There are 2 protein chains.
Amino acid sequence: MKNNVTMRDIADQLGVSSVTVSKALNDKEGVSEELKLKIKNLAEELGYRYNAAAKSMKEGLSYNIGVVIPERFTGINQSFYLNVYQSITRILEKQGYYGILHILSSEDERNLVLPRIYYERKVDGFIVLGQTSKEYIEKIQGIEFPKVFLDFYDEHADIDSVITDNFYGSYEITNYLIQTGHRDIAYVGNLHSTSSIQDRFLGYYKSLLEHRIILKQEHILNDRDEKGTYIDIDLPDQLPTAFVCNCDQVAHNLVLKLKSRGINVPEDCSVVGFDNDIYATITDPTLTTVEVDVEEMAQNAVKFVIEKVKNSEKSFGRVLVKSNIVYRESVKPPKNKVK
Amino acid sequence: MKNNVTMRDIADQLGVSSVTVSKALNDKEGVSEELKLKIKNLAEELGYRYNAAAKSMKEGLSYNIGVVIPERFTGINQSFYLNVYQSITRILEKQGYYGILHILSSEDERNLVLPRIYYERKVDGFIVLGQTSKEYIEKIQGIEFPKVFLDFYDEHADIDSVITDNFYGSYEITNYLIQTGHRDIAYVGNLHSTSSIQDRFLGYYKSLLEHRIILKQEHILNDRDEKGTYIDIDLPDQLPTAFVCNCDQVAHNLVLKLKSRGINVPEDCSVVGFDNDIYATITDPTLTTVEVDVEEMAQNAVKFVIEKVKNSEKSFGRVLVKSNIVYRESVKPPKNKVK
DNA sequence: CTGAAAGCGCTTACAG
DNA sequence: CTGAAAGCGCTTACAG
């Protein structure tokens, strides 16, 4: 490593102490303006680069935050969380922090092994992005370390999590379907897979209840197995007039399936999604869906971890981020209602 | 910060020196097996966590690699590079390195400001993922710092880059179209946008040349403006029987456009893409395309930066990664050829 | 306004 | 096999 200019070098060349250089470069008081300028100029000239590692040593802080994403939420078809990660990174950087991505392998998740970045003090805290197994959540909860769960939560009230308002989002989009004239509405999603899917189901159910529509068991359609792998959706014999899907990707799959059976969307039946991710606009017809406010979620998560790094006593509980409906082409009144 | 157990603490409790603890924990020789075990056990018990910052200080190395992606290649519709980043991260981690993502804002790119991770020595090298402006390439080239360009290159032969074999990939998929019976083949892409698009065009052109097919200017269709924003594709009056698109996303857009004109793919005309990303399988019909070997590219890039970190003299030049054709549904013989 | 001293937690090179 | 010393580059707290 050459070009290894240190504060000391600058100090020596100027005949001052490194303390003074440190103060000047950090714009702290205790150095005359004149000297400060001289120091800054020389630093520039010499190509001085600050050594963050020294600061880390001194403060015991890495100024890195680990973003942990379970493997199954990554990959070519699961770009949603990577996009959230990207937002997190950008927000982190504004605050002088950096995000280190850790893909949690299914193996590590099963064996309850924590990310190496934890054991090496490479990060000051975690943002866990995407639901892990119950056991793993507990494992992470068990360590005394700043952490925020993003986009999921679990029964323990004492964990800090930032989530979309799944319940009301789903409630409202179901209301919208009902207002459009639908009463035969199915829900697509595995109720025991993640907290999000479950809450979205309950929002849908609330809407039915309020409108005195009876929930039929055969209107709850499973979309994935316990591992989260998508399975073929079993359509009921009596086709509902509308489907509330737990996410856009599943809505996309459903539309394909319906089409293959010669059923047109939205003419023959309506479909709505959730997330407003790439699948919402890529599907033909484009999907009416619930938009998740990724930026707001990332912002909260970042704010919370950083505050917890600074003060480990802080706690935030479950924080909901508002969502809103994006209207596109996949909804029409049911056929028999059209005059 | 509590739970701040150091090697020193372990040493004190055991009545040995911290040097011995360091050796034991790092499995170096010079400590009796018995003592080593005792030290390791105590470390475990005390919840000791290694302090990577101290090592960084000592060695002047952060063990982080910065992955720089220009802003315009990110976002909800551009998941390809984020996926590459994810591969990079995983490979990096196996070697004890960590990836720090830096989204290069268009503003910073224009003003030629380098990522802050550079000025703070937060990283030991860069992987630049995605083509930046010529000026920015030169700016980065100008600093004495390990760097590898991934998925693009420029005229300067002395830069290390890992790229897909765009030329031959495109050449071969065009050959395939010709073998299928097509002779009226258009290319879709802005020839002056990136090195990849240009090389893919040239591969297509080589195939035409070899088959004595004359390249018509009206068969080169622009797909984006100088900023990389997609524009509406202008179809020629005389529709070709096949289209070679510079990437899957553009192929996807083209298929939608053709469909909206009542032209069926692949019955009325064939379309091929490049990348084999999410758009390849999401398009209806699924796209025959050239698969980019993301894993292999990431592997090379990581290997090269790390070697350059260790020995700044190393250089690798342009390294091509083989691609191969994935056959799906978007190609059929041209109509008039079908008996 | 300026600086000497001490320390953050580890490792290397050397001595015993 | 074990350890005292020095040092990585910075900052904090204190003294002048």
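As the structure is a computational prediction, the values presented were derived from the model and not from experiment.
At least one cation-pi condition fails for B/Lys314 and B/Phe304: the charged atom is not both under 6.0 angstrom from the six-membered ring centre and inside a 45 degree cone around its axis. Stacking of A/Arg121 on the aromatic ring of B/Tyr50 is not recorded, the 6.0 Å distance cut-off and the 45° axial limit not both being met.
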Report task. Could you go through the side-chain contact (heavy atoms from CB on, under 4.5 Å) check for B/Asp124 and B/Phe145 one step at a time? Result -> CA-CA 8 Å; B/Asp124 302 332; B/Phe145 196 63; 5.7 Å; no
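Each of B/Asn51 and B/Val19 was assigned the nucleotide of DNA chain C with the nearest heavy atom; the assignment lying further toward the 5' end belongs to B/Asn51. Mapping B/Lys58 and B/Thr20 onto DNA chain D via the closest heavy atom, the residue that lands nearer the 5' end is B/Thr20. Of the two residues contacting DNA chain D, namely A/Ser18 and B/Gly15, the nearest-nucleotide position lying further toward the 5' end is that of B/Gly15.
Here chain A contacts DNA chain C (any atom closer than 4.0 Å to a heavy atom, that is under 4.0 Å), and the contacts span C/dC1 to C/dG9 from 5' to 3'.
Pair check for C/dA15 finds D/dT2; Watson-Crick or G-U wobble, both atom distances under 3.5 Å.
Contact check on A/Arg116 versus A/Asp108 returns no salt bridge, with no Lys/Arg side-chain nitrogen under 4.0 Å from an Asp/Glu carboxylate oxygen. Under the 4.0 Å criterion applied to side-chain N and carboxylate O atoms, A/Lys134 and A/Glu155 are assigned as salt-bridge partners.
Proximity of the aromatic rings of A/Phe73 and A/Phe80 is defined here by a centroid distance below 6.0 angstrom, and this criterion is not met.
At the heavy-atom level, A/Lys55 lies nowhere under 4.0 Å from the strands shown.
A side-chain donor from one of A/Asp151 and A/Tyr81 sits under 3.5 Å from a side-chain acceptor of the other. Under the 3.5 Å distance criterion, with hydrogens and angles disregarded, a donor-acceptor pair is assigned to the side chains of A/Glu71 and A/Ser106.
For DNA chain D, the residues of residues 23-36 of chain A within the heavy-atom distance limit of 4.0 Å (strictly under) are A/Asn26, A/Lys28, sorted by number.
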